[in-house]
J.: 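Before anything else, here's the structure in question.
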Amino acid sequence: MQAWMKTICQLFSPKTLTHLAQETGFIQRKRALTAEAFLTLCAWGDGSLAQQSLQRLCTSLTLRHDCSLSSEGLNQRFTERAVAFLREAFFLLLQRQRPLLWSTIQTYRTCFTRLRILDSTSFLVPADYGEDYRGSVSSGAKIQFEYDLLSGACLQLCVQSANDSDARFAYHAQHTILPNDLCIRDLGFFSVAALTEIDARGAYYITRLRSDMKVYIKENSQWKEWDWESLGNQLKEGESVEMEHVYIGHERLYIPRLIFRRLTEEEWQKRMAYVRKREKRKGKALTRQTLEQKKYHILLTNLPQESFDGQQVYEL
């Protein structure tokens, strides 16, 4: 905890946090509970905030921040204004991270309107919230967050049920895409419809290929399924090959470029450790074909080859 408090002090001065709290209305006059103490309690408290009693949280404030507050007094601080304060603190933290990526930002600023990164995270919530936030097994919520790396702007931030589809969320947000945007998304957001719409709007995408999605090549007006396994056996560790003009899925969606790379042994071991952890958590083993495909990194993109070679796409 002391390390986290030190980190907060390095990133945010008490004056900055107080100003942020005043701007959002969380603090309107001098109080025992400071903005710094509240941020520390909510973001880096011991364990889950929702599972701790108000009395225990008050004790933590007293011990760590010399803040004397009753349980009811603390309870009344959890308001919409508190949520607004935490949200703005989060956005400010993102802004502070941008200098670390400055060279990347400068490189791609002239290439794209926006460099959009969309991801989500899910977590359990108390059973009392089950009616509004449903999970696959118990009550759960999911945060959808899209961020423009070039400007530092938050493009989308919303909370939904944990069992809501990432792909459906991405598709319904397509109207926000501008020409020359680059959309980078993980597999959960993958859908043929979304890729079609991004391309139709004059924007670009980079996404991995889903393991259950077949790839086709058209030769002499005949469809031929791509044999990725045979090609993969010819590649050395870390070696890649690029294919142009392929088609995916039963819709035969045209994809300008497919980049196929064999992982190094270190990358493979790291990925498999993650895969085994997920298998254990879900209680479901992957098929042999899916495990075999995990040896490779398969990217789909419509970025022009004359501007971005395969290595540049992979680095993005």
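For reference, positions follow the sequence shown, starting with 1. We use all heavy atoms of the structure for the numbers below, so side chains are in, but hydrogens, waters and symmetry mates are not.
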J.: Flag the pair R257 and E242 as a salt bridge only when some basic side-chain nitrogen lies within less than 4.0 angstrom of an acidic carboxylate oxygen.
T.: yes
J.: Taking the side chain as every heavy atom from C-beta outward, state whether F38 and I27 have any pair of such atoms under 4.5 Å apart.
T.: no
J.: Could you walk me through whether Y314 and H297 pass side-chain contact (heavy atoms from CB on, under 4.5 Å), step by step?
T.: CA-CA 9 Å; Y314 184 76; H297 206 82; 3.5 Å; yes
J.: Do R168 and S191 have side-chain N/O donor and acceptor atoms under 3.5 Å apart?
T.: no
J.: Salt bridge or not for R116 and E146, using N-O below 4.0 Å?
T.: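 Salt bridge between R116 and E146, a charged N being under 4.0 Å from a carboxylate O: yes.
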J.: Could you go step by step and tell me if E267 and R261 meet the salt bridge (charged side-chain N to carboxylate O under 4.0 Å, His left out) rule?
T.: CA-CA 11 Å; E267 291 170 331; R261 178 180 181 272; 3.0 Å; yes
J.: Do T264 and E237 meet the criterion of a side-chain donor-acceptor pair at a distance under 3.5 Å?
T.: no
J.: Counting only heavy atoms from other residues, nucleotides and ligands, does the tally under 6.0 Å from CD of E80 exceed 12?
T.: no
J.: Quick one: are K142 and D166 in side-chain contact, heavy atoms under 4.5 Å?
T.: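 A side-chain contact under 4.5 Å exists here.
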J.: I'd like a table of donor-acceptor pairs (distance under 3.5 Å, sequence neighbours excluded) in which one partner is a side-chain atom from residues 200-219, with atom names and distances.
T.:
{"residue": "R201", "atom": "NE", "partner": "Q174", "partner atom": "O", "Å": "3.2"}
{"residue": "R201", "atom": "NE", "partner": "E197", "partner atom": "OE2", "Å": "3.0"}
{"residue": "R208", "atom": "NH2", "partner": "D186", "partner atom": "OD1", "Å": "2.8"}
{"residue": "R210", "atom": "NE", "partner": "D212", "partner atom": "OD1", "Å": "2.8"}

J.: So, do F260 and Y296 have ring centers that fall under 6.0 Å from each other?
T.: yes
J.: Under 3.5 Å, is there a donor-acceptor pair linking the side chains of Q144 and D164?
T.: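 No, no side-chain donor-acceptor pair sits under 3.5 Å.
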J.: What do you reckon, is CD of E266 surrounded by more than 12 foreign heavy atoms closer than 6.0 Å?
T.: no
J.: Just checking F78 against F85, ring centres under 6.0 Å apart?
T.: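 Judged by ring-centre distance (under 6.0 Å), F78 and F85 do not meet the cut-off.
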J.: Starting from I259, can I reach I198 by hopping between I/L/V/M/F/W/Y residues whose side chains sit under 4.5 Å apart?
T.: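 No, because I198 and I259 fall into different hydrophobic clusters, even though each may have its own neighbours under 4.5 Å.
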J.: Would you tell me whether T59 and T62 have side-chain atoms, one donor and one acceptor, within less than 3.5 Å of each other?
T.: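 There is no such pair (donor and acceptor under 3.5 Å, judged by atom type) between the side chains of T59 and T62.
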J.: Are the aromatic rings of F189 and Y171 close, with centres under 6.0 Å apart?
T.: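 No, the ring of F189 stays outside the 6.0 Å limit from the ring of Y171, centre to centre.
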J.: How close do L69 and C58 get, counting heavy atoms only, and between which atoms?
T.: O-SG, 3.3 Å
J.: How long is the span from the OG1 atom in T301 to the CG atom in L182, to the nearest 0.5 Å?
T.: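 If we round to the nearest 0.5 Å, T301:OG1 and L182:CG are 7.0 Å apart.
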